[in-house]
Amino acid sequence: MTRASMAEHHPSDIQIMVNSRQGTAIHPVEVDAQSLQASGSIAYREVKQFKKWISWLIPSFVIANIIMFIITMYVNNCPKNSVTCIARFLGRFSFQPLKENPLLGPSSLTLRSMGALEVNKVVHGDQLWRLVTCNWLHAGVFHLLANMLSLLVIGIRLEQEFGFIRIGLLYVISGFGGSLLSALFIQSNISVGASGALFGLLGGMLSELITNWTIYSNKVPALLTLLVIIAINLAVGILPHVDNFAHIGGFISGFLLGFVFLIRPQFGWVSRRYTSITNSSIPVEHKFKTYQCVLWIISVILLIAG
């Protein structure tokens, strides 16, 4: 996953913001239905919250990003605006020279016109929409492929587990959070890319593991795996021309949102999934544990304050 940034005063310089997270979604162990169901004709019901969702939003996000890149290249029209182009046989979809854009993509001027994050225009030009549009633009083919492959690996599994509403909100709000932090600390460059939103999914995975800790098997290996992934990605962010502020902003946003959106009922309540309909009125444990509720409240307060 990458977040690309171009120098504001030097359109030919592209600075790549790389987020190379490897996505491995961690999910709770499921109750063995057959071991819980008694033989006979008793009818059992499944709690809706635990049904698998069909992933369609994340693939839609991928398609939307690809379409936006195609439109950006159409607007760029390298043969008309540049002396030399890469893959000139593609016509107006050909790429800027490698010295200007080594990612095989458009010029910085085109990205500006399409809605790249540019602090001066956000602050003094009242163009707040750039905090959102920059997350749907990419600096080149390599940039696009890295982000979209990561999004498919991570996002589809999360959407299957938690549904399109929660994962969609997590993705969009995390991208906005990444743009905010990037705008606060990197004010001389323009920035594009979905890495803030993708880091938000990673942060959400970590907080989901923490808040649902009691219903996991192999807790420690799962936690260590995620921490290693996070460390690798943040380490990539210290490389030259990498916008780690967008990564950190997206990660923090996603981490807090995970406590709010990705909370799961405790294991005793999960057993209701296989409770017979005739006995569904039998009292059960509280749906959430105390620590889950405390984390939820703290996260909401921090999100509002932030």
Side-chain angles (χ1 to χ4, degrees), residues 1-20 61-127 129-151 175 178-179 182-183 185-198 236-237 239-247:
M1 290 161 290
T2 60
R3 178 71 176 234
S5 171
M6 294 175 154
E8 183 176 357
H9 302 295
H10 303 281
S12 63
D13 297 333
I14 293 185
Q15 301 176 5
I16 307 308
M17 309 309 184
V18 181
N19 173 354
S20 59
F61 283 169
V62 172
I63 293 173
N65 276 281
I66 294 174
I67 291 176
M68 283 303 304
F69 182 73
I70 293 174
I71 294 174
T72 301
M73 292 305 301
Y74 180 85
V75 173
N76 185 65
N77 196 3
C78 181
K80 180 180 179 181
N81 301 308
S82 300
V83 177
T84 60
C85 299
I86 303 298
R88 201 176 186 89
F89 64 89
L90 295 175
R92 65 186 301 154
F93 292 99
S94 56
F95 311 112
Q96 295 297 123
L98 292 179
K99 289 184 178 180
E100 181 178 348
N101 189 338
L103 296 177
L104 296 181
S107 66
S108 59
L109 181 62
T110 299
L111 290 173
R112 281 192 180 93
S113 66
M114 293 294 293
L117 177 58
E118 192 171 1
V119 176
N120 184 58
K121 291 185 178 181
V122 172
V123 177
H124 302 292
D126 295 327
Q127 298 181 8
W129 46 269
R130 289 180 178 271
L131 294 169
V132 177
T133 56
C134 66
N135 294 301
W136 301 90
L137 298 173
H138 289 84
V141 174
F142 298 139
H143 187 198
L144 179 69
L145 287 176
N147 277 351
M148 294 305 100
L149 289 175
S150 300
L151 179 57
S179 297
S182 177
F185 290 95
I186 300 181
Q187 302 185 3
S188 60
N189 301 330
I190 65 172
S191 181
V192 295
S195 64
L198 292 169
V236 170
L239 296 175
H241 311 310
V242 177
D243 183 4
N244 215 23
F245 292 108
H247 299 169

remark   = Closest non-hydrogen atoms of Q96 and N76, given as atom of the first, atom of the second and distance, are OE1-ND2, 2.8 Å
note = Here the pair of heavy atoms bringing M114 nearest to I71 is CE-CG2, 3.9 Å
query = Going from OG on S182 to CD1 on I190, what distance comes out if it is rounded to the nearest 0.5 angstrom?
reply = 11.0 Å
query = Side-chain contact, heavy-atom cut-off 4.5 Å: R92 with K80?
reply = no
request  = Check whether any side-chain heavy atom of S191 lies under 4.5 Å from a side-chain heavy atom of I186, and answer yes or no.
outcome  = no
ask   = How far apart are the closest heavy atoms of T110 and T72, and which atoms are they?
value = CG2-O, 3.6 Å
ask   = Is the closest side-chain heavy-atom distance between I70 and M73 below 4.5 Å?
value = no
query = Distance from N147 atom CG to L198 atom CG, nearest 0.5 Å?
reply = 5.0 Å
request  = Working to the nearest 0.5 Å, report the span between CD1 of I66 and CG of L145.
outcome  = 8.0 Å
message = Which heavy atom of N65 sits nearest to which heavy atom of N135, and what is that distance?
response = OD1-O, 3.8 Å
ask   = Are M68 and T133 close enough that some pair of their side-chain heavy atoms sits under 4.5 Å apart?
value = no
request  = Could you tell me which non-hydrogen atom of L117 sits nearest to which non-hydrogen atom of V122, and how far apart they are?
outcome  = CD1-CG2, 4.0 Å
inquiry  = Using 0.5 Å steps for rounding, measure from the NZ atom of K121 to the CG atom of D126.
reply    = 13.0 Å
key: OG on S94 to CG on N77, rounded to 0.5 Å   = 7.5 Å
Closest heavy-atom pair and its distance - A116, R130 = O-NH1, 2.7 Å
request  = Anything under 30° is parallel, anything over 60° is perpendicular, the rest tilted; go ahead and classify F245 against F185.
outcome  = parallel
inquiry  = Could you measure the distance from the SG atom of C134 to the CZ atom of R112? Nearest 0.5 Å is fine.
reply    = 14.0 Å
query = Does a side-chain heavy-atom distance below 4.5 Å link P106 with N101?
reply = yes
request  = List the steps, then state whether side chain to side chain donor-acceptor pair (under 3.5 Å) holds for S107 with E100.
outcome  = CA-CA 7 Å; S107 66; E100 181 178 348; 4.5 Å; no
Note, F69 side chain near V141 side chain (heavy atom, < 4.5 Å) = yes
